[in-house]
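Written out below as structure tokens is the structure these notes cover.
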Amino acid sequence: MQFYNSLSRRKEAFTPIEPGHVRMYTCGPTVYHFAHIGNFRAYTFEDLLRRVLIFNGCRVTQVMNVTDVDDKTIRGAAAAGVPLKTFTAPFVQAFYDDLNALNIQPAERYPAATDHVSEMIALVQRLFDKGLAYQSDDGSVYFSVSKLPGYGKLAHLDRENLRMGARVANDEYEKESYGDFALWKAYEASDGDVVWDSPWGRGRPGWHLECSAMAMTYLGDTFDIHTGGIDNLFPHHENEIAQTEGATGKPFVNLWMHCAHLRVNGEKMSKSLGNFFTLRDLLEKGYTGREIRYVLINGHYRQSLNFTFDALDAARNSLARIDECVDALREHSSKVLNCESSKVPSEAAPDGADAHNFRTLELQNFRTAFTDAVNDDLNIPEAFAALFALVRESNSALHRGELSPEEAAAVLTLFDEMDTVLGVIRFRRDAGDDAIPAEITALVAARTSARAAKNWAESDRLRDELAAKGWEVRDSKEGQKVKAIGNHS
Ligand code: AMP
Ligand code: ZN
């Protein structure tokens, strides 16, 4: 595996510190709103990374924090006139629901910042002991950027030419205004009841401190991978490095990975610009989690991705092509079980055995193309190209009657393998789409009776009713076949 490291600005071969076990930290949501699909571009990228590591046989310990106290959550709680926890709790739950709707594998841990304030205070104390922190007149504690020689190495901050500004109290700021940043913020009336005691007086942690403390608590002083969206690179990740390396004197993270933004009309999708869609907005418009996942992963993570409804519609078509192929292969491979195989079993016929070996070899080529793509810095567009080449090849082999049921089963196994990374093929079944609801079965049964009684008007009415509920019915020699229109997650 090789990945692009934001620290060195090049692709590097990846080997975990502990053989076979990857420790990674991903910056999680700030729970002051429903996450928008720009945020989910970052979480699906991290999900792909996690799945590729597992695909390569690694065990993964992934920690994703939940930022439930910062400038934005405090402002939100104050505006809503409720305690902080009351304000954030529904957004935390919604976040887990959304991850599930997008088939994002859960991380091993989701620590909440408010549960780790004592670890944060201990970290500030270590920085004081090293002479890297000081308390300002306003009571807040700052990190002394000029005392850390390597400050700016991740963002490639031009410290020669950028004049260091005054202290910055805000969590987010531009490179041009870099300066000493807040570790601990002294209490202000606008913080309401969001307050903790510390050796430096009452106050609350800064956002950057939260991630350093939680990462060190669960992953140790040095670990393998740290990820986030590109906007996290500066100042958030730069400041995490400063805090942790300043305290431990050891390297914090070996590999830093950042995804580019999801954009709308050329601008970053963001809450502050108001040009965002939440997952819920899109689900309400009738798109499925599966279609949205497809759009979010189908681009290289280091290139910005433009969000359009056309892309969602195209995803629906692409997924239908995969589904049709998978359905046909399933039907064909089931002939093995039913002993309907038209081919002579391969062990009885040397020619058949040769043909089978040839196919197996070809499948190996598809597997290699797929593996090379995902292992080369998560080249998912290339991986999809391998998948669709396999779809085309299987369809035409099926069409020509050249695929044995055993071969169809082998192709399905390869699709399953690819899907451990992509998470879009079996997702349909995982979402329960293959299960036909009792209500639909009852309507189909009623339609069977109507047709038996040659009551065509009633039969047509029931067909329309099924369609209105999202189910397409087809009449065949074996009777009615019912299929979900699009997807029903
Ligand atoms: P936040 O909740 O603002 O802390 O952001 C959560 C994650 O989403 C971070 O990793 C951000 O970098 C990422 N993010 C925010 N907006 C976008 C976007 N438009 N495209 C991709 N990632 C984003
Ligand atoms: Zn973070």
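Counting starts at 1 for both ligands and their atoms, following the listed order. We're numbering straight along the sequence, starting at 1.
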Basic-acidic side-chain contact under 4.0 Å: Asp158, Lys175: no
Considering non-hydrogen atoms of the protein only, which is the closest contact for atom 8 (O) of ligand 1, and what is the distance? Asn39 ND2, 3.1 Å
Of Asn232, Leu233, Leu273, the residue with the heavy atom nearest atom 10 (O) of ligand 1 is Asn232
Cationic N near anionic O, under 4.0 Å, Lys85 to Asp193: no
Tabulate below the donor-acceptor pairs under 3.5 Å that side-chain atoms of residues 72-81 make, not counting sequence neighbours, or state none.
unit_1, atom_1, unit_2, atom_2, d
Lys72, NZ, Glu172, OE2, 3.4
Thr73, OG1, Asp70, N, 2.8
Thr73, OG1, Asp70, O, 3.1
Thr73, OG1, Asp70, OD1, 2.7

Per the side-chain hydrogen bond (donor to acceptor under 3.5 Å, both in side chains) rule, which among His236, His258, His261 passes with Asp231? His261
Among protein heavy atoms, which lies nearest atom 2 (O) of ligand 1, and at what distance? Thr30 N, 3.1 Å
Which protein heavy atom lies closest to atom 22 (N) of ligand 1, and at what distance to 0.1 Å? Gly38 O, 3.1 Å
Check contact between Tyr43 and ligand 1, using heavy atoms of the residue and a distance below 4.0 angstrom. yes
In terms of atom number and element, which parts of ligand 1 are under 4.0 angstrom from non-hydrogen atoms of Met269? 16 (N), 18 (C), 19 (N)
Nearest protein heavy atom to atom 11 (C) of ligand 1, by residue and atom, and its distance? Asp231 OD1, 3.4 Å
SB check Arg51 Asp47 (cutoff 4.0 Å): yes
Measure the distances from the heavy atoms of His36 to every atom of ligand 1 and state whether one is below 4.0 angstrom. yes
Donor-acceptor contact present, side-chain Gln2 to main-chain Lys11, <3.5 Å: no
So Tyr4 and Met257, do their side chains get closer than 4.5 Å, heavy atoms only? no
Salt bridge or not for Asp221 and Lys250, using N-O below 4.0 Å? yes
Lys268 neighbourhood, listing ligand 1 atoms whose heavy-atom distance to it stays under 4.0 Å: 16 (N), 19 (N)
With heavy atoms of Leu262 as the reference, note each atom of ligand 1 found under 4.0 Å away. 18 (C), 19 (N), 20 (N), 21 (C)
Side-chain touch Phe307/His36, heavy atoms, less than 4.5 angstrom: no
Basic-acidic side-chain contact under 4.0 Å: Arg290, Asp323: yes
Could you tell me if the side chain of Phe252 sits less than 4.5 Å from the side chain of Phe223, heavy atoms only? yes
For Thr61, the option from His21, Arg109, Glu108, Arg23 that meets side-chain hydrogen bond (donor to acceptor under 3.5 Å, both in side chains): His21
Does any N or O of ligand 1 fall below 3.5 Å from an N or O anywhere on Cys259, backbone included? no
May I ask you to identify the nearest protein heavy atom to atom 3 (O) of ligand 1, giving residue, atom name and distance to one decimal place in Å? Lys72 NZ, 4.0 Å
Are there any protein N/O/S atoms under 2.8 Å from the Zn ion (ligand 2), and if so, which? Cys27 SG, Cys211 SG, His236 NE2
